[in-house]
J.: 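After the structure tokens below, expect a handful of questions from me.
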Amino acid sequence: GDEVSGPDSAQEPSEAARAKRFFDNMRQPILFLQHEHQDALAGDNAAVLKINVTQAMQKCAQDPQCGGFAYWHDKAFFRTESPDRLSASLSYKADVTFYVKSKPLS
């Protein structure tokens, strides 16, 4: 006979579950330091994408060139400078949250 799957089988995993699985699968977790109302090297963007914060973290974590990103109005503004340079360049910017890639904890 035909197999009938239950109602749960078609459900998409939640955003949190997908993010957890993504980070669990990485050999070394990439962490981000979050800076509220801060930006670094504004305008010097490698890319600008309309995505959520979890997706932006995943994209930056997968890209060795990405040192961090600014998040503003549902958009991620990716920066290719080193995390150290980005951290040193942080300055006040209302409504922007800046995420700096952090070295994995050993």
Side-chain angles (χ1 to χ4, degrees):
D2 292 333
E3 298 238 349
V4 179
S5 57
D8 291 338
S9 65
Q11 281 186 319
E12 279 289 303
S14 71
E15 181 74 29
R18 282 201 302 275
K20 182 181 186 314
R21 190 166 61 233
F22 173 85
F23 288 111
D24 285 349
N25 288 341
M26 294 183 69
R27 287 187 301 284
Q28 290 186 302
I30 302 289
L31 306 173
F32 289 87
L33 301 177
Q34 179 178 323
H35 303 274
E36 295 279 343
H37 306 297
Q38 298 281 306
D39 199 357
L41 307 175
D44 196 3
N45 304 311
V48 179
L49 295 174
K50 189 170 173 63
I51 55 178
N52 67 39
V53 170
T54 302
Q55 291 168 323
M57 286 183 180
Q58 290 173 354
K59 178 169 172 44
C60 189
Q62 290 170 324
D63 182 355
Q65 298 296 309
C66 183
F69 62 94
Y71 200 78
W72 177 76
H73 289 241
D74 300 322
K75 290 190 185 114
F77 299 79
F78 295 95
R79 308 282 157 72
T80 55
E81 287 77 12
S82 72
D84 288 343
R85 174 140 192 259
L86 291 169
S87 291
S89 303
L90 287 167
S91 60
Y92 178 80
K93 183 74 174 173
D95 302 327
V96 174
T97 302
F98 202 88
Y99 295 84
V100 177
K101 194 187 278 186
S102 178
K103 295 173 183 66
L105 300 176
S106 47

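Quick caveat: nothing in here was measured; it's all calculated off a predicted structure. In what follows, every heavy atom counts, from backbone to side chain, and hydrogens, waters and symmetry copies are set aside. Residues take their numbers from the sequence shown, with the count starting at 1.
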J.: Can you tell me how far CZ of F98 sits from CG of L86, rounded to the nearest 0.5 angstrom?
T.: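 Going from CG on L86 over to CZ on F98, the span is 4.5 Å.
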
J.: So, R79 and D39, do they make that salt bridge, N to O below 4.0 Å?
T.: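 Looking at D39 together with R79, the answer is yes, because their closest N to O distance falls below 4.0 Å.
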
J.: Write down the atom of E81, the atom of D44, and the distance for their closest heavy-atom approach.
T.: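 What the structure gives for the nearest pair is OE2-OD2, 2.7 Å.
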
J.: Would you confirm whether K75, through its side chain, and V48, through its main-chain N or O, come within 3.5 Å as a donor-acceptor pair?
T.: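 Pair absent, no side-chain N/O of K75 close to backbone of V48.
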
J.: How close do D95 and H37 get, counting heavy atoms only, and between which atoms?
T.: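 Looks like N-ND1, 3.3 Å.
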
J.: For the hydrophobic clusters of this structure (ILVMFWY residues joined by side-chain heavy atoms under 4.5 Å, transitively), does one cluster hold both F77 and I51?
T.: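 Shared cluster, no.
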
J.: First locate atom CD of Q65, then atom NZ of K101, and finally report the distance between them rounded to the nearest 0.5 Å.
T.: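 Here the interatomic distance stands at 9.0 Å.
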
J.: Grouping I, L, V, M, F, W and Y whenever their side-chain heavy atoms are under 4.5 Å apart, do V100 and L49 come out in a common cluster?
T.: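 No, no single cluster joins them.
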
J.: What's the shortest heavy-atom distance between P83 and G67, and which atoms?
T.: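 It is CG-O, 3.8 Å.
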
J.: If I compare all heavy atoms of V96 with all of A70, which pair ends up nearest, and what's the gap?
T.: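 For V96 versus A70, the nearest heavy atoms are CG1-CB, 3.9 Å.
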
J.: Are F78 and W72 in one and the same hydrophobic cluster, where Ile, Leu, Val, Met, Phe, Trp and Tyr link if side-chain heavy atoms are under 4.5 Å apart?
T.: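 Cluster IDs for F78 and W72 differ.
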
J.: Could you state the interatomic distance from OH (Y71) to CE (M57), rounded to the nearest 0.5 Å?
T.: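 Reported value, rounded in 0.5 Å steps: 10.5 Å.
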
J.: Show the nearest heavy-atom pair for residues A46 and T80, with the distance to one decimal.
T.: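 In terms of heavy atoms, the two residues are closest at CB-CG2, 3.4 Å.
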
J.: Of the non-hydrogen atoms in L33 and H35, which two are nearest, and what is the gap between them?
T.: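 Residues L33 and H35, closest heavy atoms: O-CD2, 3.5 Å.
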
J.: Run the numbers on C66 and K59 for side-chain contact (heavy atoms from CB on, under 4.5 Å), then give the verdict.
T.: CA-CA 9 Å; C66 183; K59 178 169 172 44; over 6 Å; no

J.: If the condition is ring pair (Phe, Tyr, Trp, His ring centres under 6.0 Å), which residues does Y99 pass it with, not counting sequence neighbours?
T.: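 Counting only residues at least two positions away or on another chain, Y99 forms a ring pair (Phe, Tyr, Trp, His ring centres under 6.0 Å) with F69.
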
